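Quick caveat: nothing in here was measured; it's all calculated off a predicted structure.
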Amino acid sequence: MKDHNYYPIPGSDSSSDAKAALNNKEKEGTWAQEAIFNNYYKEKEGCVSNQGKVHLNKYALAGAILASTNSILLGYDIGVMSGAVIYITEDLNITQIQVELLVGCLNVFSLIGSIASGKTSDMIGRRYTIVLAAATFLIGALLMGLAPSFPFLISGRIVAGIGVGYSLTIAPVYVAELSPTHTRGFLTSLPELFINVGILLGYISNYALSGLPNDINWRLMLGLAAIPAIVVALGVLAMPESPRWLVVKGRFEEARKVLIKTSENKGEAELRLKEISKAAAASPPSSGQGVWKELLVTPSRAVLRILIAAIGVNFFMQASGNDAVIYYSPQVFRKAGIQSEKMLFGVTIIMGVVKTTFVFVSALFLDRFGRRPMLLLGSSGMAVSMFMLGLGCTFLDYSDDKPAWAITLCVVAVSAALSFFSIGLGPITWVYSSEIFPMRLRAQGSSVAISVNRLMSGIVSMTFLSISEAITFGGMFVLLAGVSMIATVFFYCFLPETKGKSLEEIEVLFEDELH
């Protein structure tokens with residue numbers, strides 16, 4: 001199909017693709033066609049602004065939901081471990097250092113899955129890598145639930161961590177490669193939404209099972225994660241493969257069929273296929289060694305800028321302390337004066353509902369307002385919330401009567417911090433990491449960025465209690481407020497806006513930023 005016979009229908013998500021195709025033919029005298037396109041583009045923008053939404057392709061939405069469901073596994077582990085660790089400590093009589101090791105080792109060993117996922121997904125495809133992630137986590141969940149001792153429990157968390165690493169890296173990449181341009185932000189933020197759903201399910205599990213004997217409740221809490229892992233592994237088999245991976249493998253007809261289903265019409269699908277094929281042709285396939293060399297040893301200035309942006313946003317996502325706050329929120333609230341375990345878990349359920357609500361709101365508005373504004377709002381809001389939490393905890397440390405207003409301030413500040421995280425860093429980290437790398441580097445580049453994410457999560461989780469003991473919880477939260485302020489400055493300086501651009505256009509965006 002020739003480009004000059006096709007013009008995008010107003011309201012479709014193909015206009016940026018069509019614009020790129022027409023701009024490439026300016027030298028051949030396509031000024032008239034470009035003028036016509038611009039009229040459609042303006043009409044489309046008016047349509048979007050008036051209606052306040054962009055049409056969601058049902059097939060792309062279904063694929064994104066199925067892939068993102070894998071993220072429930074990590075969320076459930078984060079949420080349930082916050083309560084299970086209380087009973088594990090009592091049942092297995094472990095020390096504070098062992099608690100930190102137990103909580104953090106899953107994140108550290110998820111590095112293995114994150115690093116391996118790039119090569120694995122390039123070899124067997126994005127879809128089957130997601131199945132592999134769910135199967136690995138299933139084995140880990142069973143090991144944890146049946147663990148007779150602390151070393152056995154650690155081994156289960158190591159296996160589960162590898163599955164988490166696979167899942168966190170490949171699910172956003174798959175969704176980004178499947179999604180149309182103008183709904184990519186919403187669809188690629190779904191993994192974070194499902195992480196929060198998993199956290200909430202973990203909190204509910206803690207509350208429901210807390211009345212059982214200590215040698216049984218934590219085993220059920222951890223072992224129940226096997227159920228969603230089985231559902232995910234079976235559900236993913238119904239998903240289509242990534243069209244961009246199919247093009248790289250030379251399976252153009254299969255890619256065309258997927259693009260037709262995820263596009264507004266066949267004309268748009270042909271344009272998307274042409275753009276993907278052109279990008280693939282411009283990036284001849286190289287060995288895994290060649291990709292790593294281009295990415296880490298001899299990166300171009302544009303690739304280096306992309307690396308800094310991707311690694312930076314993943315670093316600050318975990319350095320902000322979000323995972324540690326969730327893991328150890330019962331200890332924080334107990335220190336603040338809430339002693340009843342039922343009340344502790346009830347408060348965490350409220351936190352989970354608030355967090356899930358805000359990440360859903362963020363996903364709805366991400367393609368409308370863009371990545372940068374919401375990221376800056378989220379990180380600056382986290383800084384203020386963490387600072388207020390630090391003040392509340394410090395006051396309670398020096399207060400004998402534990403006034404209700406100070407406890408309320410701590411609960412509200414924690415909920416606010418998690419809410420601002422869910423508006424900004426939570427969903428946007430996955431969106432940004434999966435969309436800014438060129439096609440030839442996307443899987444490995446995302447694996448590098450998310451490996452930093454997992455490493456930082458492990459470090460923070462394994463040191464949070466020890467540092468808090470040295471400088472108090474109040475001092476720790478003030479420190480995290482400072483990290484969030486530094487993050488805000490970094491995002492403002494180094495992260496360009498990617499809203500409304502195709503994956504192929506984003507590579508050009510980073511090159512243009514250098515000039």
Side-chain angles (χ1 to χ4, degrees), residues 60 62-75 77 106 109-141 158-179 187-188 190-192 194-195 198 225 228-251 254-255 258 280 285 287-288 291-292 295 310 314 430-431 433-435 437-451 453-454 503:
I65 289 175
L66 283 172
S68 302
T69 304
N70 216 21
S71 300
I72 286 179
L73 304 177
L74 171 62
D77 180 84
L106 181 141
F109 281 91
S110 65
L111 278 169
I112 298 174
S114 296
I115 294 172
S117 64
K119 183 65 174 177
T120 304
S121 66
D122 281 346
M123 290 176 60
I124 67 175
R126 313 317 195 202
R127 189 166 64 117
Y128 287 113
T129 304
I130 294 174
V131 176
L132 176 63
T136 307
F137 190 92
L138 169 62
I139 297 171
I158 289 173
V159 174
I162 295 172
V164 165
Y166 270 112
S167 174
L168 286 181
T169 303
I170 203 58
V173 170
Y174 170 85
V175 176
E177 293 185 341
L178 184 72
S179 304
L187 295 177
T188 314
L190 288 181
E192 177 65 17
F194 279 88
I195 286 175
I230 295 172
V231 174
V232 168
L234 295 176
V236 168
L237 294 175
M239 291 162 36
E241 185 50 87
S242 159
R244 285 172 171 82
W245 183 82
L246 291 171
V247 167
V248 170
K249 296 300 180 180
R251 295 156 62 176
E254 293 177 60
V258 175
S287 65
V291 170
W292 287 114
L295 190 65
N314 277 275
W430 309 121
V431 174
S433 301
S434 62
E435 69 183 3
F437 286 99
M439 185 192 303
R440 67 189 181 278
L441 305 176
R442 187 166 298 134
Q444 285 88 342
S446 295
S447 72
V448 169
I450 293 172
S451 293
N453 182 303
R454 296 293 84 205
L503 296 180

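- Nearest heavy atom pair, residue Tyr166 against residue Ala116, reads OH-CB, 3.5 Å.
- Here the shortest heavy-atom pairing between Ser434 and Ser446 reads CA-OG, 4.0 Å.
- Looking at Leu106 and Val164, their side chains come closer than 4.5 Å, going by heavy atoms from C-beta outward.
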Determine, stepwise, if the pair Ile195 / Trp430 fulfils side-chain contact (heavy atoms from CB on, under 4.5 Å).
CA-CA 11 Å; Ile195 286 175; Trp430 309 121; 4.0 Å; yes
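- Residues Pro243 and Val258 share a closest heavy-atom pair of CD-CG1, 4.0 Å.
- For Phe194, the CZ atom sits in a packed shell: over 12 heavy atoms of surrounding residues, nucleotides or ligands are nearer than 6.0 Å.
- The OG atom of Ser117 sits 12.0 Å away from the CD1 atom of Ile112 when rounded to the nearest 0.5 Å.
- In this structure, Asp77 CG and Phe137 CZ are separated by 5.0 Å, a value rounded to the nearest 0.5 Å.
- Rounding to the nearest 0.5 Å gives a distance of 7.5 Å between OG of Ser447 and CG of Leu295.
- Closest of all the heavy-atom pairs between Val159 and Gly140 is CG1-N, 3.7 Å.
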Given Glu241 and Arg251, is the side-chain contact (heavy atoms from CB on, under 4.5 Å) satisfied, shown in steps?
CA-CA 11 Å; Glu241 185 50 87; Arg251 295 156 62 176; 5.7 Å; no
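- Side-chain contact between Leu74 and Ser167 is absent, with no heavy atoms from C-beta onward closer than 4.5 Å.
- For the pair Val175/Ser68, a side-chain contact is recorded, criterion being any heavy-atom separation below 4.5 Å from C-beta on.
- For the salt bridge (charged side-chain N to carboxylate O under 4.0 Å, His left out) condition, the pairs that include at least one residue of residues 120-132, sequence neighbours left out, are Asp122-Arg126, Arg126-Glu177.
- Put simply, CD1 on Ile158 and OG on Ser110 are 11.5 Å apart, with the number rounded to the nearest 0.5 Å.
- Atom OG1 of Thr129 is separated from atom CD1 of Ile124 by 4.0 Å, given to the nearest 0.5 angstrom.
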Apply side-chain contact (heavy atoms from CB on, under 4.5 Å) to the pair Leu178 and Ser242, showing each step before the final yes or no.
CA-CA 6 Å; Leu178 184 72; Ser242 159; 6.0 Å; no
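- Ala60 approaches Leu187 most closely through the heavy-atom pair CB-CD1, 4.1 Å.
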Apply side-chain contact (heavy atoms from CB on, under 4.5 Å) to residues Thr120 and Leu132 and explain how you reach the verdict.
CA-CA 10 Å; Thr120 304; Leu132 176 63; 4.1 Å; yes
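- Across all non-hydrogen atoms, the minimal contact from Pro172 to Thr188 is O-CG2, 3.8 Å.
- Rounded to the nearest 0.5 angstrom, Thr169 OG1 and Ile130 CD1 are separated by 11.0 Å.
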